[in-house]
Amino acid sequence: MTLLKEFILPRFAQWLIVIFVGVTITFIIPRLSPVNPVTETLARMQMYQNIDPEAVQAMRATLLDLYGLEGSVLEQYVNFWKRVLKGDLGPSLASFPLSVNQLIGVSIGWTIGLLGTSILIAWTLGMTLGSLAGYYPNRWWSEGLEKSLITVYPVPYYILAFVLLMAFTFYLPIFPLIGGARGTAAFTWEYISSVLYHGFLPALSIVIGATAHRFIMAKALTTTEKSSDYVQYAQMAALPQRKILFYYVTRNTLLPQVTDLSLSLGALFGGALIAEFVFGYPGIGTTMYTAINNGDYNAIMGITLLSIVGIATASLLIDLIYPLIDPRVRYR
Amino acid sequence: MLTTIRDLFRFSPSFRFGSLILIVVAAFVLLSAFSPYEEDRLRRKVKRNLPPSADFVFGTTSQGQDVFWSLTFAIRNTLIISGIAVFIGRGIGVSLGMISGYLGGIFDRTAQSIVESVIVVPRLPLLILIGSILRGSLTMFTLGILIGILDWAYPSKRYRAQVLSLRERDFTHTAVFSGMGSFKIVIREHLPFIIPFLLADVISGFLFSIGIEVTLSYLGLANLDSPTIGTMIYWGNYYQSIPAGRPWVMIVPMVTAILMVLGFYLMSVGLGEYLDPRKRLVRLTAHAGEGAQDDDPRKEKDDAWAP
């Protein structure tokens, strides 16, 4: 019972606070700007035609109501939370008859499929290569790997993605330029293979960047862990190197890595904005970008809320299950 | 300080290589002062769409810009934007982290909840959102400020952790007992310990800001009239330079961006190795036992299953 009271409840309270403050920040920032989305929309409508001033007034009132921008900022804020707690993210402003829930529902599957797979592949790959390179720092392959991955790591993701896009769709046109799949969704080999085919390039770009990051971290952790006494003891006891590395050293470096994995899986709901934008992938990042360009406040808030909750929940869960992964960590 | 840099230059290959790249970058920044064109009058100055030649080292664009001289301005502007961002971000991060670490108590707890909350807010969508709201009016300086405001939460956590450990050291107690004020202790006694970490952090801040600048410009959200690395890529893409067979227009800024971040990153790797006490220990033992390691019996066994 003390465990619940002294550890779980405060941690849960922190989770609530983090989500609350995070959402509040994203709620306030767009409203601090001098630009009013209603005026913007009206200006866009009147750009190429003349509209009766009274109709404009009526439209303004409707839009204010629709955007949830009626009343003071405080009232809007209260209304926003009332709606969100009911699980309703409101109507999408740009693609009106659709609700934000539907908008997210359509695109989230793509993102989870693409990002989830590439994060898992990159994590496994980076961990394995990084542990090996950290354990055998002076081999030609580990030095070569380290040099090439250190070169790739700081490159801005957009440039990496663009180079891949140009290389494999323009100079060597073997992959499609945009899209997520061909044909209608069905459980046939044709459809599934087209999903894999379209997803390959964006996944590759994410895997390269994420593997480099994981590799550098895993190598540093393994190098430190390797100098521990127990490793020397195991080596003197003539345990097979493979066993020492993967049964002992890697397991001991797992804790921060698992944290990172869960956090990046939690960040999944935010989507990979740049990746999806560059490769024209129909995921949640593209939805977000479209929403931002169209001033679709409700969709922006909806997706941001989802990604904040995702990250905060992932970090809550990881804190709660730490002792299961690593018995050295005790609830304090 | 100077001896540290000299030693790093001598013993850390990554630091040496990184700083060499950055020296070349700095040379470009200096060159921008000698440009034959004015910064805001780069267009329609030279023949269009020329490939790289002796006259135009990196070729020309389809708007009649000399890519080489645009690049000098672009590097300078990108560094200015990142510099502002880093200054603001680290300024907030260092002061908040140090004060909240030193004071502790309610202030610390409040500050930490805010920091945690800011960390979970997705930064890129927020930047794009603000960028699209301010689209027309985003200058270089406001862009720098904007990036800076969003990049202080992680650093501040690190400084807080540093100060938390410094606070328990004896010299802090001595300072407190001799009647030094909190502010003075933090500035005079603790800040010097933070500076090396700050240096490494500043470099990673540059990495982040350059990446964000390129990304935002690519999306067309920065001020597209002033040449930066990002806007050069944007315009190259806008005028379809690669499908039209003018790859140099995009390759030049992209390679520059890669070299710049690589230079900064390699420097930070060198610096990080120098700062990490465990690595330093490994280095020391490596120097001491250089001869002993050669006849290490373990070495042969390693090969048995190495892929």
Side-chain angles (χ1 to χ4, degrees), chain A residues 14 17-26 29-30 33-35 37 132 135-136 139 141 150-151 153-159 162-163 166 170-171 216 220 223-224 227 235-236 238 240-242 267 270-271 273-274 277-278 285 288-289 292-293 295 300 303-304 307-312 315, chain B residues 14 112-114 116-122 124-126 128-135 137 204 207 210-215 218-219 230 233 237 242-243 247 250 253-255 257-258 260-266 268-269 272 276 278-279 281-282 285 298-299 301-307:
Chain A
Q14 194 197 348
I17 292 172
V18 162
I19 290 178
F20 178 76
V21 179
V23 170
T24 309
I25 293 171
T26 23
I29 286 181
S33 85
V35 184
L132 280 171
Y135 200 71
Y136 301 106
R139 301 298 170 79
W141 51 265
I150 274 189
T151 316
Y153 172 64
V155 174
Y157 173 77
Y158 157 66
I159 290 182
F162 188 84
V163 168
M166 276 301 146
F170 180 70
Y171 287 113
I216 290 166
T223 312
T224 321
S227 57
Q235 279 168 342
M236 277 187 274
Q241 297 288 340
R242 191 196 318 241
L273 209 150
I274 300 298
F277 179 74
V278 171
M288 181 71 158
Y289 184 74
I292 289 172
N293 261 352
I300 295 169
I303 297 172
T304 315
S307 78
I308 289 176
V309 172
I311 298 174
S315 104
Chain B
S14 55
Q112 281 316 297
S113 329
I114 294 173
E116 292 284 333
S117 316
V118 172
I119 284 175
V120 297
V121 173
L124 186 61
L126 201 61
I128 295 174
L129 175 63
I130 302 173
S132 76
I133 290 170
L134 300 174
R135 198 186 292 258
S137 47
S204 64
L207 279 180
I210 292 173
I212 287 285
E213 193 273 317
V214 170
T215 309
Y218 164 68
L219 295 173
I233 296 174
N237 203 18
I242 285 188
M250 288 193 77
M254 280 192 168
V255 170
I258 293 175
M260 268 164 83
V261 290
L262 196 63
F264 276 116
Y265 181 66
L266 288 178
S268 81
V269 167
D276 188 353
R278 276 183 300 206
K279 280 254 178 77
L281 211 63
V282 171
T285 47
R298 274 175 274 156
K299 231 179 173 180
K301 241 188 295 162
D302 289 357
D303 290 316
W305 71 280

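First the proteins, then the strands, lettered A, B, ... as listed; each starts at 1. The structure displayed is predicted, hence computed values, not measured ones.
Proximity to chain A (any heavy atom under 4.5 Å) is shown, for Met260(B), by neither the backbone nor the side chain. Residue contact with chain B, scored on non-hydrogen atoms closer than 4.5 Å, involves the side chain of Ile300(A) exclusively. Heavy-atom distances place the side chain of Leu266(B), and not its backbone, under 4.5 Å from chain A. With a 4.5 Å cut-off on non-hydrogen atoms, Ile19(A) does not touch chain B at all. When heavy atoms are compared at a cutoff of 4.5 Å, Val163(A) approaches chain B solely by way of its side chain, counted from C-beta outward.
For Val118(B), the side chain to side chain contact (heavy atoms under 4.5 Å, CB included) partners are Ile25(A), Ile114(B), Trp152(B), Ala153(B), not counting sequence neighbours. A search for side chain to side chain contact (heavy atoms under 4.5 Å, CB included) contacts involving Leu207(B) returns Pro154(A), Val261(B), Phe264(B), Tyr265(B), not counting sequence neighbours.
Looking at Tyr158(A) and Ile233(B), their side chains come closer than 4.5 Å, going by heavy atoms from C-beta outward. Side chains of Val214(B) and Met254(B) form no contact here, defined as non-hydrogen atoms less than 4.5 Å apart.
Between the CD1 atom of Ile274(A) and the CG atom of Leu219(B) there is a distance of 4.5 Å, given to the nearest 0.5 Å.
Residue with the most contacts toward chain B among Tyr157(A), Phe162(A), Phe20(A): Phe162(A) (heavy-atom pairs, distance under 4.5 Å).
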